[in-house]
Amino acid sequence: LLSVRFHQFGEPTDVLRVEEVEAPRPGRGEALLRLTARPINPSDLLTIRRRYGSLPSLPATPGWEGAGVVEAVGAGVKGLCEGQRVIPMGASGTWQQYLAVDAESLLSVPDEVDDLSACQALLNPLAAWAMLHDELTVKKEEWLIQNAAASALGRVVIQLARRAGARTINVVRKREQLDELLSIGADAVICTADETIVDRVKEIVPDGARYALDAVGGQQGWELVRSLRPGGTALLHGSLSHPETMPLNNGLVLTRSLTLRGFWLTEWRNRAPISRQKSALEEILALMARGALALPPVQTFPMAEVVAAVAASDRGEGKVVLVG
Ligand SMILES: NC(=O)c1ccc[n+]([C@@H]2O[C@H](COP(=O)([O-])OP(=O)(O)OC[C@H]3O[C@@H](n4cnc5c(N)ncnc54)[C@H](OP(=O)(O)O)[C@@H]3O)[C@@H](O)[C@H]2O)c1
């Protein structure tokens, strides 16, 4: 059975290996999953590069989300049957074919949601949901600006914000993403190849946006902060421009009474009641089943080609999913 592993931290294309391992046995209260799909997320690559907020002991298998079927259940497990399609909440090491997980952490996947979408239902949609509905409680007619807007997370933000009646301004680097984002409900899209963020925001919403979600940091993150109206709040949730840092101007932050706050899903999940997390995920899966929440199209690679898959993800070729 195949497992992607790394024995030292470093560049993913240098340190990732595909190894043969034994299938684990499900212990008491556990289920054995046969995983069929798992996405490559920025947090996976940050972990392998030793730049993430929590690091595994080595050797380790990457991956915090995936989709699969229940292959067997351990003693004391009720309400799960073999062959049931599920996603695990809170599993680690999903870049392998078999994984034993706490049976209580499994959520059923509706028939209408395929594995390539289901495997992405946890991290990005839940982070988007938590930021919009828990951290910010975004309301009707409020304006929110975000960058990396064509990312999996950015697309979910657009669709959930629209459902809440809020308006979004979306920053991207590539012109070809403009129409696509408008078609899923973006109110405005700013392409940094052609426009200046602050100037364009002034035209769209002269007082500035109420909220900002910054996945990038650096100069671009600062332009999002400068686009906030007085009393506005920015959630800093990614650092895609690393090692560039944000040129923070104290004067502007204090005179506008802005709030800049970090958001990390791991930390949110440690404090949010498990029932709230489960109901949010069930809502996300139900929206996906009704075709009311679209995740990005994906490119797939067999697990044995993980190095090529990671290289494609690093080249910015869109969301990559490891299958098989
Ligand atoms: N804090 C949390 O708990 C949490 C949870 C989930 C996700 N996130 C963050 O959300 C962001 C998106 O994640 P994802 O999995 O949805 O991403 P994804 O689908 O893999 O897409 C990556 C996106 O990042 C953009 N990007 C990469 N480098 C960039 C740069 N230097 N400047 C501007 N844009 C850049 C890409 O734009 P192009 O299309 O132009 O290449 C692409 O849209 C990441 O920062 C991730 O860490 C945070």
Run the salt-bridge test on [X] and [Y] with the 4.0 Å N-O cut-off and return the result as yes or no.
X: Glu142; Y: Lys139; answer: no
X: Asp207; Y: Arg256; answer: no
X: Arg290; Y: Glu112; answer: no
X: Arg17; Y: Glu19; answer: no

Under 3.5 Å donor-acceptor, [X] side chain and [Y] backbone:
X: Glu30; Y: Asp102; answer: no
X: Thr36; Y: Val323; answer: no
X: Arg38; Y: Leu322; answer: yes
X: Ser117; Y: Val113; answer: no
X: Gln120; Y: Leu116; answer: yes
X: Asn170; Y: Ala188; answer: yes
X: Glu305; Y: Pro302; answer: no
X: Gln159; Y: Ala294; answer: yes
X: Ser227; Y: Val201; answer: no

Please check if any side-chain donor atom of [X] sits under 3.5 Å from a side-chain acceptor atom of [Y], or the reverse.
X: Thr47; Y: Asp44; result: no
X: Asp134; Y: Trp268; result: yes
X: Glu65; Y: Asn41; result: yes
X: Gln220; Y: Ser241; result: no
X: Glu244; Y: Gln219; result: no
X: Arg269; Y: Gln277; result: yes

Show the nearest heavy-atom pair for residues [X] and [Y], with the distance to one decimal.
X: Val101; Y: Ala91; value: CG1-CB, 4.0 Å
X: Val18; Y: Ala304; value: CG2-O, 3.9 Å
X: Pro297; Y: Arg155; value: CD-NH1, 4.2 Å

Evaluate the side-chain proximity of [Y] to [X]: yes if any heavy-atom separation is below 4.5 Å, no if none is.
X: Leu248; Y: Leu260; result: yes
X: Ile184; Y: Arg162; result: no
X: Leu107; Y: Pro88; result: no
X: Cys119; Y: Pro39; result: yes
X: Leu33; Y: Glu71; result: no
X: Val86; Y: Val69; result: no
X: Leu106; Y: Leu80; result: yes
X: Leu236; Y: Leu213; result: no

Rounded to the nearest 0.5 Å, what separates atom [atom1] in [X] from atom [atom2] in [Y]?
X: Gln177; Y: Ser151; atom1: CD; atom2: OG; result: 9.0 Å
X: Leu285; Y: Ile87; atom1: CG; atom2: CD1; result: 4.5 Å
X: Ile204; Y: Ile169; atom1: CD1; atom2: CD1; result: 4.5 Å
X: Arg210; Y: Arg167; atom1: CZ; atom2: CZ; result: 16.0 Å
X: Gln146; Y: Thr168; atom1: CD; atom2: OG1; result: 6.5 Å
X: Leu2; Y: Gln96; atom1: CG; atom2: CD; result: 10.0 Å

Worksheet entry | Aromatic plane relationship, Trp64 with Tyr52 - under 30° parallel, 30 to 60° tilted, over 60° perpendicular |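 Tilted.
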
Worksheet item: Yes or no on salt bridge (charged side-chain N to carboxylate O under 4.0 Å, His left out) for Asp314 and Arg49, after CA distance, side-chain angles and deciding distance?
Response: CA-CA 12 Å; Asp314 260 345; Arg49 291 183 169 120; 2.7 Å; yes

Step through the shown structure and confirm whether more than 12 heavy atoms of other residues, nucleotides or ligands are within 6.0 Å of [atom1] on [X].
X: Arg271; atom1: CZ; value: yes
X: Arg25; atom1: CZ; value: no
X: Gln8; atom1: CD; value: no
X: Lys202; atom1: NZ; value: no

Practice prompt. Determine, step by step, whether Ile197 and Ile145 satisfy the side-chain contact (heavy atoms from CB on, under 4.5 Å) criterion, reporting the C-alpha distance in whole Å, the side-chain angles of both residues, the deciding distance to 0.1 Å, and the verdict.
Written response: CA-CA 10 Å; Ile197 297 173; Ile145 181 167; 3.9 Å; yes

Fill in: Residue pair Asn124, Lys319: steps toward the side-chain contact (heavy atoms from CB on, under 4.5 Å) verdict
CA-CA 12 Å; Asn124 286 313; Lys319 192 51 88 185; 4.1 Å; yes

Practice prompt. Please step through side-chain contact (heavy atoms from CB on, under 4.5 Å) for the pair Glu135 and Leu235, ending with a clear verdict.
Written response: CA-CA 9 Å; Glu135 299 292 299; Leu235 289 186; 3.8 Å; yes

Discussion item. Run the side-chain contact (heavy atoms from CB on, under 4.5 Å) test on Trp95 and Val306 for me, step by step, so that the C-alpha distance in whole Å, both residues' side-chain angles and the decisive distance to 0.1 Å come before the verdict.
Written reply: CA-CA 9 Å; Trp95 292 14; Val306 64; 4.0 Å; yes

